[in-house]
Amino acid sequence: MNTPVSIFPIRHHGPGSARSLEHALSELNPDVVLVEGPSDAGVVLPFLADGDLRPPVALLGYVNDDPARAAFWPFAVFSPEFVALRWAARAGAVARFVDLPAAVVLAGERDAPEDELRDDPLGVLAQAAGFADFERWWESLVEARGDEFDVFAAVNEAMRAVRADALAPVGREAQREAFMRQGIRRALKEGFARVAVVCGAWHAPALDVTAFPVKADAALLKGLPKAKVTLTWVPWTHGRLSVASGYGAGVRSPGYYEHLFTSRGAVAERWFARVARLLRAERLEASSASVIEATRLANALAALRGRVLPGLEELNEAALSVFGWDGDLPLRLIEERLVVGEALGAVPDGVPTVPLARDVARQQKSLRLKVMPEKLDLELDLRSDNDLARSVLFHRLNLLGVPWAKPRGSGGLGTFREGWQLRWRPEFSVRLVEASRLGQTVRDAATASALEAARGAGTLAELTALLEVLRLADLPGGLPVTLAALDERSALGADVPDVLRALPPLARLARYGDVRGRGPVAARPGGGEVAPLETFRALLMRAAVGLPLAGVGLGDDAAAEVRDAVRGADAAVRLLDDTDVTAEWRAALRRAADREDAPPLLLGDALRRLRDAGVLESGEVEARLGLALSDPSPLAVTAWLDGFLGDTGALLVHDAGLLALVDGWLSGLDAEVFQSVLPLLRRVFARFEAPERRAIGEALRGGTPASRLTPAAVDGARAARVVPVVLSLLGVSHK
């Protein structure tokens, strides 16, 4: 090659392109390597030579005053661009990005339509050659040849033919190619003798600087808008390589592409050895004989199809025949763990980033938390300082819109355990940048986020949810504003159920304080203190006034919602165990239980709570129960029982008098009414635990209820028939 400029047309994220490019650069030994990518990222290019930078990674660019406006340029170990830049770092050559700056790319209108996406031209050529997949065509075209220069020249010529029949580039595509040509001219002007240009195959024919006037390119690039941007490196994952960002080309099998690039020969043999290790780790059958058979089958399929090497299609078919005979689990594991292979990259500590992201990384390291793209289940014991700090970090990040950890069931009893599921996503890097406007540390940013949420909350439910988060995230600085907003919102005439639902978080905060037990008091911004107990009492008073009328005129579903709200409020009152609060609440329940126009569900629920609290004696409870069971409407009776019995059968197990009343009412129903009531009763009793239902049945069968012991319930004639038999068994003469 006699020209000072060598253009290497590649396919983005193509392992065949990457390997051929590496060989070609070693043979050419250029003085400067120009790579398609944002030209203003030169400040972070030196980090590519750092051994701590491990792909997959992505170049992140974002607008300083609008971090949500961002773009990614991803790189994998098999990306030709990454290979070229790493080669330049090792060889001591100058490396530059020569595409449009990120400042220009991100300065455009946020919702402006993008240029129409063009079909993959190399994919079209591969199909024309009889290959279903580009990579298989590229392997046959490139890997089987020894002169990589001839191959790249052939691809360039093919692209010329394809572009000759296509429309001339316009808009952003034309600007990109003009900018890259300007970058090549700049390198030549600086006196570099050997210039290597690495670009997408489609652009290669357009980068011949001798075929395009300099003035035309300058005019095309004149007056381009620019934004103030920041560029940095962030970890990426194989699963995210399919995202179309920057020059991202959809990668369906990044794990397999990495295998192709890193395996120097014996591709099939090494692949099935990895398959066997994976299946054995999952306790599935994968013998050495199976590996040999699968390799032979894949190679035979490739030979039958006229291919030099078996591709992913042949490997999958061989795996299906050898390992998938007893189900599809092996194939699903191969697809998830090997073909895609959710790898997560890493970047050096010195990479520029916002202080908030550095604080997150510092806490992840100090708390010994693994940052992984796969799901990781974690059980926390909040009695441990380290686990408590982990919980606080997770809650704060969720408040910032970074759901790295999502809560799940702990699988155990007690409030000192928490279950979480961790999974890191690359887009969290952008969210941390966005959240950095709120503060430089996780604590400060989460507090500021909570204050914004409190000021913008429209309902009591939003405020109470925020109050719970503040407690779990150990953010006492957000309490005064949230409590004040809660008090103000409830005073504006909130519905009684909404007020009732606000009580449990307040009670937990008043009783336990923050997660470190520092006490349930928060400082006011202007001095003094605010106690959650004061707010709780104010809300309870409003709820107590409105509770007797809250259920009047409600349908079944609405009454059930009120009952659930009352249940939570009752638990909150019992948790606080405050004399004045308890008295106020029980008085409200008494007034609610005395209303005859309330839904039966709420009446039964109120009576049950008064009975459990010892406000009503057993005689009055039985009298009210008998009155409720005498209602002519079976549906009303079952609704009342639903409220009265609740979710446990312990009341009927331990109170024979109440069980007798319920049993007497049920026994007195005629057949038709019984059939209509039975489904509703079954729903009520289905919530009881199996031992409770068994105990109730044994009590009824044993004759415990008083209704079974009255003489009126005994048939004398039938009973007399067994007397002679019993006397004979006892040896007593009955004549």
Side-chain angles (χ1 to χ4, degrees), residues 60 62-70 230 234 353-364 366-367 369 371 380 388-407 418 420-489 502 505-506 508-509 513-516 518 520-526 530 532 535:
L60 165 64
Y62 60 88
V63 179
N64 293 348
D65 56 359
D66 186 11
R69 185 176 297 182
T230 297
V234 296
T353 184
V354 294
L356 177 61
R358 284 198 297 269
D359 186 48
V360 171
R362 178 188 61 79
Q363 294 193 49
Q364 288 171 335
S366 65
L367 296 175
L369 289 167
V371 181
L380 300 183
L388 182 60
R390 288 176 170 182
S391 173
V392 168
L393 176 62
F394 296 159
H395 284 292
R396 289 176 178 177
L397 289 177
N398 281 326
L399 189 58
L400 291 175
V402 184
W404 170 37
K406 295 182 178 180
E418 283 184 353
W420 296 87
Q421 186 174 84
L422 280 62
R423 188 176 191 181
W424 185 261
R425 299 286 190 182
E427 57 266 28
F428 293 162
S429 300
V430 176
R431 296 187 185 182
L432 287 175
V433 173
E434 292 181 74
S436 64
R437 65 179 178 82
L438 300 171
Q440 296 186 356
T441 66
V442 178
R443 181 188 181 90
D444 292 343
T447 299
S449 177
L451 294 178
E452 284 188 354
R455 296 186 180 104
T459 64
L460 280 179
E462 294 175 6
L463 288 169
T464 54
L466 178 60
L467 198 64
E468 188 77 349
V469 171
L470 289 173
R471 182 177 71 87
L472 297 173
D474 189 14
L475 298 174
L479 287 178
V481 173
T482 306
L483 289 171
L486 186 66
D487 189 62
E488 179 182 356
R489 176 64 58 182
L506 274 171
R508 288 189 287 269
L509 185 62
D514 60 37
V515 295
R516 294 189 179 275
R518 292 174 180 154
V521 177
R524 294 183 186 275
V530 55
T535 304

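Note that these values count all heavy atoms, side chains included, but never hydrogens, waters or copies made by symmetry. Everything numeric in this text was worked out from a predicted model, so none of it was measured.
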Check for a donor-acceptor pair, side chain of [X] on one end and backbone N or O of [Y] on the other, with a separation under 3.5 Å.
X      : Y      : value
Arg358 : Thr353 : yes
Arg508 : Glu468 : no
Arg471 : Leu509 : no
Asn398 : Phe394 : yes
Ser449 : Leu399 : yes
Arg396 : Asp474 : yes

What's the shortest heavy-atom distance between [X] and [Y], and which atoms?
X      : Y      : value
Ala485 : Ala454 : CB-O, 4.0 Å
Gly477 : Pro480 : O-CD, 3.7 Å
Ala435 : Ala445 : O-CB, 4.1 Å
Trp424 : Gln364 : CZ3-NE2, 3.8 Å

With rounding to the nearest 0.5 angstrom, report the [atom1] to [atom2] distance, [X] to [Y].
X      : Y      : atom1 : atom2 : value
Arg425 : Arg431 : CZ    : CZ    : 10.0 Å
Asn64  : Arg437 : CG    : CZ    : 15.0 Å
Leu432 : Glu427 : CG    : CD    : 11.0 Å
Leu472 : Leu388 : CG    : CG    : 10.5 Å
Glu488 : Leu486 : CD    : CG    : 10.5 Å

Side-chain heavy atoms of [X] within contact of [Y], under 4.5 Å:
X      : Y      : answer
Leu438 : Leu400 : yes
Tyr62  : Val430 : no
Val360 : Val402 : no
Leu356 : Val442 : yes

When you look at His395 and Trp420, which way does the side-chain contact (heavy atoms from CB on, under 4.5 Å) test go after all the steps?
CA-CA 11 Å; His395 284 292; Trp420 296 87; 3.4 Å; yes
Partners meeting side chain to side chain contact (heavy atoms under 4.5 Å, CB included) with Ala457 (sequence neighbours left out)
Glu462, Leu463
As a quick check of understanding, evaluate side-chain contact (heavy atoms from CB on, under 4.5 Å) for Thr230 and Leu60, giving each step before the final call.
CA-CA 8 Å; Thr230 297; Leu60 165 64; over 6 Å; no
Positive for side-chain contact (heavy atoms from CB on, under 4.5 Å) with Leu470, one of Val481, Leu475, Thr447, Leu483
Leu475
Near Gln421 CD, under 6.0 Å, is it more than 12 heavy atoms from other residues, nucleotides or ligands?
yes
